[in-house]
Structures are given as structure tokens and as C-alpha cells.
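To start, I am sharing the structure in question, which I have written as C-alpha cells.
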Amino acid sequence: LLGDDVVFESPVGHTPQRGKAITLKYLQSAAQVFGKSSFAYAGEWFGENSAILEFTDTIDGISVNGIDMIWWNDAGKITRFKVMVRPLKAVNMLHQKMGAALDEAIGQIRAFQQSARSTGRAERPRWPMIVLRTPKGWSGPKEVKGHKAEGSWRSHQVPFSDVREN
């Protein structure tokens, strides 16, 4: 999904990060931080080649509210991903948690590299993975026409009629 030259803008970073690899690390770290929580998308707005997704969450008793702003090219590859978060208390907490997740993943990667360089053996390591666990249909509507969608069979690749209008 990510374009090779994708630009990622963090709510706590001053400099946009450029490239697929670093953007993927940021998104994986976010998935680790938010994957253990009550993360939910609360609203969505679409342009021709862009979307804004509002999210809410509570982590360690702190309410988090933010938006993901996503732009993509004609090939459907994401070219820019910008995250904005509020309130300041949530930004500070996320900065600390995501920094720790990134530090852990990067530390493991450096240990693999150092081992390969010192022993001369380049084995394929088990790279650190950050997994996002979510309920079935978590990014869609919770209910459609009076029927529960999230967490039920209805959320699994079931097309809904009039999605844009309803």
C-alpha cells in the first residue's frame, strides 16, 4: 500500500520522514501502541485521492482523539500519511510509548546486524513484528440497518449498499 517515496508526518516529530521503510516502522509502532486498546474510527471524509479518518481511544486512562490524513496516487499507493493528535497529554504519552516501541524494534534489528557482521554468518533472523489486533470489522460501521456488523459475520467482506450515502 505504501509508495516508495511516501512521506510520514508524526504528531511529535518536527521533520517529515521520507521512505517506505521508516513509514512502515512508524505505522507498526502505532499498531503496537494502539493494538492493546479501545481504538476506533469515529468519522471519515474522502476526497478524490485522499481521506481523513478521525479516531478515538483511551490508553492508560488518557483519552486520545486524532485524525489520520492519507493521500494516495493514481496507482492507489499511499504518498503521504499525516497524523494529528490531541490533547497535549495524549501527544506526550503517545510520544513516550511509540518511542519505546521503535527503540525496541530498532535495537533488535541492530543486534541481528552486529551478530552477522561479527560472525560472518548471515542467517535470516526473525525480524521484530508489531501486530495490530482488532475486532472483526473494526473500521466499518458498528451497525447497519439495525443489524450488528462489528464483531459478527456481517463484517467479513460483506458489501453494504449505499455506503457513501448512508
Side-chain angles (χ1 to χ4, degrees), residues 1-99 101-102 105 129-166:
L1 291 175
L2 297 176
D4 291 335
D5 297 325
V6 64
V7 175
F8 180 80
E9 296 176 72
S10 165
V12 297
H14 300 289
T15 306
Q17 302 298 307
R18 299 184 190 283
K20 190 177 197 175
I22 191 67
T23 298
L24 185 58
K25 287 293 175 203
Y26 271 96
L27 295 176
Q28 288 172 332
S29 295
Q32 182 177 354
V33 170
F34 286 105
K36 304 172 191 167
S37 60
S38 58
F39 181 90
Y41 280 110
E44 52 188 38
W45 299 267
F46 295 95
E48 187 175 328
N49 286 345
S50 62
I52 297 175
L53 306 173
E54 180 186 13
F55 60 87
T56 60
D57 201 353
T58 302
I59 302 174
D60 294 344
I62 297 173
S63 293
V64 180
N65 178 248
I67 58 171
D68 291 332
M69 301 171 74
I70 306 166
W71 292 262
W72 55 88
N73 60 22
D74 291 336
K77 298 286 187 177
I78 295 173
T79 57
R80 185 175 170 205
F81 199 115
K82 182 177 188 176
V83 181
M84 300 174 78
V85 175
R86 61 172 299 278
L88 181 59
K89 184 187 256 188
V91 173
N92 292 335
M93 182 262 307
L94 288 174
H95 183 215
Q96 183 179 33
K97 287 187 172 291
M98 289 199 47
L102 281 169
M129 179 185 287
I130 301 169
V131 178
L132 174 64
R133 295 176 192 255
T134 61
K136 222 175 189 189
W138 69 290
S139 62
K142 295 194 184 308
E143 188 177 291
V144 175
K145 297 182 180 176
H147 298 287
K148 181 181 176 185
E150 183 180 83
S152 78
W153 61 271
R154 287 184 181 90
S155 66
H156 185 67
Q157 299 180 2
V158 177
F160 293 121
S161 60
D162 303 324
V163 174
R164 298 263 187 227
E165 291 81 26
N166 188 354

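Predicted, not measured: the structure shown is a model, and the values here were computed from it.
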Inset, instruction - Specify the closest pair of heavy atoms between Ser63 and Pro87, including all atoms of both residues, with the distance to one decimal. - result: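 In this case the closest contact between Ser63 and Pro87 is O-CD, 3.5 Å.
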
Inset, instruction - Can you see which heavy atom on Glu44 is nearest to which on Leu53, and at what distance? - result: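 The answer is CB-CD2, 3.5 Å.
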
Legend entry - For Asp4, salt bridge (charged side-chain N to carboxylate O under 4.0 Å, His left out) partners two or more places apart: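 Salt bridge (charged side-chain N to carboxylate O under 4.0 Å, His left out) check on Asp4 returns Lys20.
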
Legend entry - Rounded distance [0.5 Å steps], CG in Asp5 versus OG1 in Thr79: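 With rounding to 0.5 Å, CG (Asp5) is 10.0 Å from OG1 (Thr79).
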
Legend entry - Met84: partners by side-chain contact (heavy atoms from CB on, under 4.5 Å), with sequence neighbours left out: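 Met84 satisfies side-chain contact (heavy atoms from CB on, under 4.5 Å) with Ile67, Met69, Lys82 only.
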
Inset, instruction - Answer yes or no: is there a side-chain heavy-atom contact under 4.5 Å between Leu27 and Leu2? - result: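 Leu27 vs Leu2: side chains touch.
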
Inset, instruction - Would you indicate whether the side-chain heavy atoms of Val7 and Trp71 approach each other to under 4.5 Å? - result: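 A side-chain contact under 4.5 Å is absent here.
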
Legend entry - Test side-chain contact (heavy atoms from CB on, under 4.5 Å) applied to Val6 and Ile22, Ile78, Leu1, the passing residue: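 Result for side-chain contact (heavy atoms from CB on, under 4.5 Å) with Val6: Ile78.
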
Inset, instruction - Identify the two heavy atoms, one from Trp72 and one from Ala51, that lie closest to each other, and give their separation to 0.1 Å. - result: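 Here Trp72 and Ala51 meet closest at CZ3-N, 3.5 Å.
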
Inset, instruction - With rounding to the nearest 0.5 Å, note down the distance linking CD1 in Ile52 to CZ in Phe46. - result: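 Separation between the atoms: 10.5 Å.
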
Legend entry - Under 3.5 Å donor-acceptor, Asp68 side chain and Val83 backbone: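 Not at all, since once roles are kept as given, no pair shorter than 3.5 Å links the two residues.
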
Legend entry - Validation row: Val85, Phe55 side chains within 4.5 angstrom (heavy atoms):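 Yes, at least one pair of side-chain atoms sits under 4.5 Å.
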
Inset, instruction - Tell me, please, which residues at least two apart from Glu54 pass side-chain hydrogen bond (donor to acceptor under 3.5 Å, both in side chains). - result: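 Partners of Glu54 under the side-chain hydrogen bond (donor to acceptor under 3.5 Å, both in side chains) test: Asn65.
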
Legend entry - Beyond-backbone contact of Leu24 with Phe8, side-chain heavy atoms, under 4.5 angstrom: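 SC-SC contact between Leu24 and Phe8 ruled out.
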
